[in-house]
Amino acid sequence: MCGIVGCIGKGNAVPFLIQGLEKLEYRGYDSSGIAIYSNGKIRVVKKQGHLKVIKEILKDNNDFCAGLGIGHTRWATHGNPTDINAHPHVSACGKIALVHNGIIENYIELKEELMKKGFLFKSDTDTEVIVQLMSSLYEGDIFQTVKNSIKKLQGSFALGIICADNPDTLIAVKKDSPLIIGTSENENYIASDIPALLSKTDTICRLQEKQIALINSEGFKLYDFEGNLSEKKLTVINWSIDAAEKNQYEHFMLKEIMEQPRAIKDTVYPRIEGKSLKLDNLNLSKEYLENLNKICIVACGSAYHVGCIAKYFMELLIRKPVEIDLASEFRYRSPIVDENTLVIIISQSGETADSLAALRESKRLGARVISIVNVVGSSIASESDYVLYTHAGPEIAVATTKAYSTQLALMYILALHIGKALNKISDEKYESIIEALKNLPENIEKILEGKEEIMSIAKNYYYYEKVFFIGRNVDYAVCMEGSLKLKEISYIHSEAYAAGELKHGTISLIDKNTLVIAIATQEKLMDKMISNVREVKARGAKILFLTTEKYYEKLKPISDHIVSIPQTYETVLPSLSVIPMQLMSYYTAKFRGCDIDKPRNLAKSVTVE
Ligand code: M6R
C-alpha cells in the first residue's frame, strides 16, 4: 500500500530514490518523502501530494545529496495525507529515520507507553511509534535496537531504516509486507517492488518472512529476527526496463491493454505442446484429484472476478463443485476446507494481505494450494504448494488489465488439465479449447484494432452518472469486471447485475439517464438476454450491446450502440468480451479528465487488511 526505496553507495543516492519512488507511485501517491544522511545529520524532505511536489523542491537543490538515503510514497492508513504524516519519520533523538509499509496493530498501546516516558508525537501515524520506540531503546547499537523494537510490534511492516551513527549501513526489515534488495557494484538498494530497481540492476534478493538485512555499499547480510545469520538467494529478473516505461502511450493502462496479446501468448504458448497441455510443475495425482470434495478459488478485486468466471467453466470441465470466495470473507467465515479441498489463490502482486491470509488458513486446514501469480517469488508464490506464473510482465496502472487476462487464460489451462486427468472432457472439447486459447492473441488484436470505435461510443456517454452492466452466466461475471473497471478509474457509479435478477428489485433504478451495457455471447441465453434488454429499454435506458459477430445483425435493431467480438469456442469468450469493457472504461475516464493510472483513494497492491 506504500512504496519504499533505499540506497547505499559511493555516489549520490537521491536520483535513484526519486526515480525509484516514481516507479512505486502506483502503490500510493498521497504524499512522499526522502531522508538522507549528510554531514553527520539526518535530513528530510517530505510533502503532501504526488511525488512531483518533492521533485520540484529538489530540482535545483545540489546540496541535498548523499550516499545513503531512504524514500517513501504513501497511501494513508493512519492519519490524513499531510506533510507531517508523510514518511520518513525521525526519532526524538534525531538519529534514526525510517519508512514503513504496513500497519502496526498495537500502535495505540505502544504510543501510550512511550508518551508516559515523555516522548512527544508529531504525527497521527502508526509508523512514528516505531521510530520513537527505537529511540527509546537506542543505546548506540542500531542492529540490537531494531531487533529489540520489532519484537514489540504487532502487525505488518516492511521497514527501511538509517541511523546517523551508522552511515555505512542501510537496514531493511520484512514482516508480512514485501521488500526486495537489489545489488550492483558499489551500490545496493531496497524497494517494495521490482520496477523501482530495473534501471539499476537485474539481480535481486527477496527478503523472506521475518528477516532483517544489513546492507552496505559492497553487499549485504541477512538475519532472522533473533539475529541469526540466514542464507541469501539471489535471483536474476528478466523484465526489460521498457516494461516499466509508458513509451509512446499516454497512460500505463492503455499500454497494458495493448500488451494483452503478447502477455497471453507468453502465458499460454509455453504450456501448450501440440494438441495437449504441459504443466510440469503440478504434481496432482489422479487419485488425489478423484478424492477432491471441492475446489475453492479465493482472491480479491479483479482476481476474484477471474475466479467468478472460472467457477462456471471449471464446474463444466471438471464436474466437481467449485466455490469462489472473496479472500477478506473467506478468512473469517470458518471455511469448510480439509485435505480433500484444492484451494486456488489468484493474485497479480502475490502480496495481497487478505489473499495471503486465506492461503495460510487453507494450508493450516490441510488443503493443498495452487497460486496463480504474476510477481515471481512474491509471498503468495513462495508459500503455495504449486505456483503457476502469469507472464504479464510488470503491471503499473492501478486498474488491472493484462494481469486479469493472463490469470483468466491460465485458469482455462488449469481447468483443462484437471478435467483431462479426471477423464471428464472429450478429446474433441479439450483440443478445441486449446485451439481457442492459441487463437486468443490474434482475436484480441482484432478487437484492439477497433479501439477508436469504442472511444467514439464512450464520447456519447462519459457524462452519465449511472451505468448498469447486465449479463447471464459467464457474461454476468465479465460484467462484474467491466463495472469495477469503470468505477475504479472514472468514478461513475455502476453496478453489475445478473440480467435475470433485475426485475426482483433493481429495475426500479433504470430510467432515461441510465446506460445499460448488456453482454450477450451465449447461444442458449440469447433470447433471455434480448427480453431483459427490451425491459430496460422500455424504461428509457440507452443500450450498448456487446456480442459476437454471429449475433451482431440480430441484436443491432434493439441497441443504441453495438460492439462485436470475434466468434470463438463459446467457453473462452470471456477472454475476448472483457477487452471492449476495459477500453470503454479507459476512454470514459479519459473524457472525464480522470487520473487514469492513479485513481483517487486507491493503491495497486493492497498489503494491509
Ligand atoms: O494483486 P492482486 O491481484 O491480489 O490484487 C487484487 C485486487 O486488489 C486488484 O485486482 C484490484 O481489484 C484492481 N485494482 C482492479 O483493477
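Every number for a ligand or one of its atoms is a count from 1 in the order of the listing.
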Residue by residue, ordered by chain and number, which ones reach under 4.0 Å of ligand 1 with a heavy atom? Cys300, Gly301, Ser302, Ala303, Ser347, Gln348, Ser349, Thr352, Val398, Ala399, Thr400, Leu484, Lys485, Glu488
Side-chain donor/acceptor pairs under 3.5 Å, residues 302-309, sequence neighbours excluded:
residue : atom : partner : partner atom : Å
Ser302  : OG   : Glu481  : OE1          : 2.9
Ser302  : OG   : Glu481  : OE2          : 3.1
Ser302  : OG   : Lys485  : NZ           : 3.3
His305  : ND1  : Glu481  : OE1          : 2.9

With sequence neighbours excluded, give me every salt bridge (charged side-chain N to carboxylate O under 4.0 Å, His left out) pair touching residues 399-408. Glu259-Lys402
With under 30° as parallel and over 60° as perpendicular, where do the rings of Tyr461 and Tyr464 fit, or are they tilted in between? perpendicular
Taking only residues two or more places apart in sequence, or in another chain, which ones meet Tyr412 in a ring-ring contact (aromatic ring centres under 6.0 Å, His included)? Phe313
Heavy-atom side-chain contact between Pro574 and Leu408 under 4.5 Å: yes
Glu361/Arg364 salt bridge by N-O under 4.0 Å criterion: yes
